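For reference, the structure is listed below as structure tokens.
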Amino acid sequence: GESAAAFTSPVVRRLESLIATTEADLEAAIRSHVSALRARSAALDTLASGIAAEIGRITPQLAEEARLAQLVTTYRDLNYRLREEYQKARMAEAVAVGQSDIIDLAPLPYEALPSRAPIKAAIGLLMGVFLGGAWAFALEQGRNPLSDRREVERLLRAPLIGSIPHIPKEHVREIEKRLKRSNGSGPHPSSMPPTPTSEAFRTLATGLSLSRWTRHAKSIVVTSATSREGKTTTAVNLALSLADRGHRVLLVDGDVWQGRLHEAIALDKAPDPGASPGELMGRHHASLFQTGVSGLHVMPRRLDEKNPTSQMMYRGMKHFLSSVSSYFDYIVIDSPPVLAAATAPALATAVDGVLFVVRARSSERDAVSEALLQLETVGGEVIGTVLNDVRRSRRFQASLGSYYSAK
């Protein structure tokens with residue numbers, strides 16, 4: 001009885017009525033949407049049929065258009081050929097009829113046209129000078145020479161003790177005169193007259209004896225990377241300047257192959273054959289010669305020395321220095337270039353320090369770096385550098401010349 005009452009309840013009847021109404025609305029909406037979709041589908045079918053029909057009509061027209069374009073191209077080429085043939089026919093007709101006649105010959109000019117040979121020669125000369133200068137500049141840049149004191153100090157990692165100007169021939173001859181005066185020729189010559197060059201070497205000697213980097217060095221090897229750097233000139237002038245300062249100086253020719261001190265100095269007797277920088281020098285006193293400069297002694301090379309080894313040079317020089325160090329304040333050794341022989345590195349290990357000579361605008365960075373590496377490999381110490389052959393400005397030279405002439 002309760003279940004039958006529930007089915008007849010007003011609430012249930014309202015829900016059933018609401019459900020029925022909702023179902024009817026949904027069914028009507030779906031039918032309406034389906035009808036709209038069918039209508040749109042029919043419209044699209046109609047549009048597709050129209051487009052297909054239009055395409056069917058256009059396709060023959062495109063083919064006809066392509067045919068007509070090809071025909072136009074053919075007619076245009078034919079027209080060009082006909083025009084060319086027509087022009088050739090007219091030219092042939094004109095030649096056959098003889099419409100061209102010579103009325104008058106062209107007269108010769110009154111004078112020849114001017115020759116352009118001087119202009120061409122001048123242009124060639126200018127181009128040659130320009131190209132030659134450019135080539136010389138390129139070669140100079142490729143050599144990469146040293147020319148500035150800051151570059152020298154930075155590359156060798158040693159202070160620049162002296163900057164030597166270009167040495168004139170008069171100064172060289174004066175040095176040779178002083179060195180060639182022997183003991184028996186009279187009193188010792190006076191100091192060198194004041195000149196920019198002599199003062200530069202005096203400054204070098206002062207810097208060597210007073211600088212905190214070099215004042216404790218008594219035995220010094222003067223060398224360079226390659227030949228013609230001015231090392232022998234620097235060694236001789238340094239020894240002269242030190243002797244002028246009152247020091248007892250020994251100048252040793254350590255170049256057993258090409259040493260030239262024996263040519264510049266007048267010797268009273270020949271050196272002892274048993275003593276030379278390449279041997280143990282047990283009788284070294286027989287090879288020491290006093291020069292005409294007070295306090296300056298020289299030990300030249302032995303001319304018949306036969307290819308001494310580096311070890312022999314090292315041992316001989318160590319023994320020699322220990323034997324004569326008490327007699328001299330300074331021992332200056334002129335050695336061969338570092339890159340030319342193994343003598344310089346061997347001698348560098350036996351002395352207190354190396355004085356490295358660099359020629360301005362001539363010494364190449366690569367050569368100097370290689371020489372420094374060889375010295376450092378064997379334990380040699382570069383205590384100072386000398387920049388040689390420095391070119392001063394004309395105004396600077398004139399001011400110095402007037403100053404020293406006034407003195």
Side-chain angles (χ1 to χ4, degrees), residues 29-148 151 155 226 228 339 359-370 391 393-394:
I30 291 171
R31 288 177 179 175
S32 175
H33 187 64
V34 169
S35 299
L37 290 176
R38 287 176 178 172
R40 291 181 63 182
S41 176
L44 289 175
D45 290 340
T46 305
L47 181 61
S49 300
I51 293 174
E54 188 68 24
I55 291 174
R57 289 193 301 271
I58 291 176
T59 301
Q61 294 178 0
L62 292 176
E64 181 67 16
E65 181 181 0
R67 187 183 67 79
L68 293 176
Q70 182 64 32
L71 190 60
V72 168
T73 302
T74 302
Y75 288 158
R76 184 182 294 114
D77 293 340
L78 181 60
N79 182 32
Y80 288 155
R81 286 197 296 272
L82 290 175
R83 285 178 178 272
E84 184 177 358
E85 293 296 332
Y86 176 70
Q87 188 67 23
K88 289 180 180 179
R90 290 189 59 188
M91 292 175 61
E93 183 182 2
V95 172
V97 174
Q99 294 181 353
S100 299
D101 295 327
I102 298 175
I103 299 175
D104 193 6
L105 295 175
L108 294 175
Y110 293 103
E111 58 182 2
L113 294 175
S115 176
R116 293 185 173 86
I119 299 176
K120 294 179 180 178
I123 294 175
L125 180 61
L126 292 176
M127 290 296 294
V129 171
F130 175 76
L131 294 177
W135 179 252
F137 178 77
L139 290 179
E140 187 69 15
Q141 292 297 112
R143 288 178 59 248
N144 202 14
L146 293 167
S147 59
D148 185 73
E151 294 178 327
L155 184 61
T226 58
R228 300 186 182 276
L339 301 182
R359 194 180 195 92
R361 302 172 308 281
S362 178
S363 299
E364 299 181 11
R365 288 179 175 83
D366 294 339
V368 173
S369 299
E370 178 64 23
R391 299 285 180 174
S393 64
R394 293 183 179 180

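Just so we're clear, the structure is a prediction, and the values are computed from it rather than from any experiment.
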Please report the interatomic distance [atom1]([X]) to [atom2]([Y]), rounded to the nearest 0.5 Å.
| X | Y | atom1 | atom2 | value |
| --- | --- | --- | --- | --- |
| Glu64 | Leu71 | CD | CG | 9.5 Å |
| Ile30 | Ser35 | CD1 | OG | 11.5 Å |
| Thr73 | Leu78 | OG1 | CG | 12.5 Å |
| Ser369 | Glu364 | OG | CD | 11.0 Å |

>> Please give me the minimum heavy-atom distance between Leu339 and Ala367, naming the atom from each residue.
In response: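 Nearest heavy atoms, Leu339 then Ala367: CD1-O, 3.6 Å.
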> What are the two closest non-hydrogen atoms of Gly56 and Pro60, and how far apart are they?
Replying inline: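 Minimum heavy-atom separation between Gly56 and Pro60: O-CD, 3.1 Å.
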Hey, does [Y] have a side-chain heavy atom less than 4.5 Å from the side chain of [X]?
| X | Y | value |
| --- | --- | --- |
| Glu65 | Leu68 | no |
| Asp366 | Glu370 | no |
| Ile51 | Leu47 | yes |
| Glu84 | Lys88 | yes |

> Are any of the side-chain nitrogens in Arg81 or Glu85 under 4.0 Å away from the carboxylate oxygens of its partner?
Replying inline: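 Looking at Arg81 and Glu85, the cut-off is not met.
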>> Between Ser41 (side chain only) and Leu37 (backbone N and O only), is there a donor and an acceptor less than 3.5 Å apart?
In response: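 No, the answer is negative, given that no donor and acceptor are paired below the 3.5 Å cut-off.
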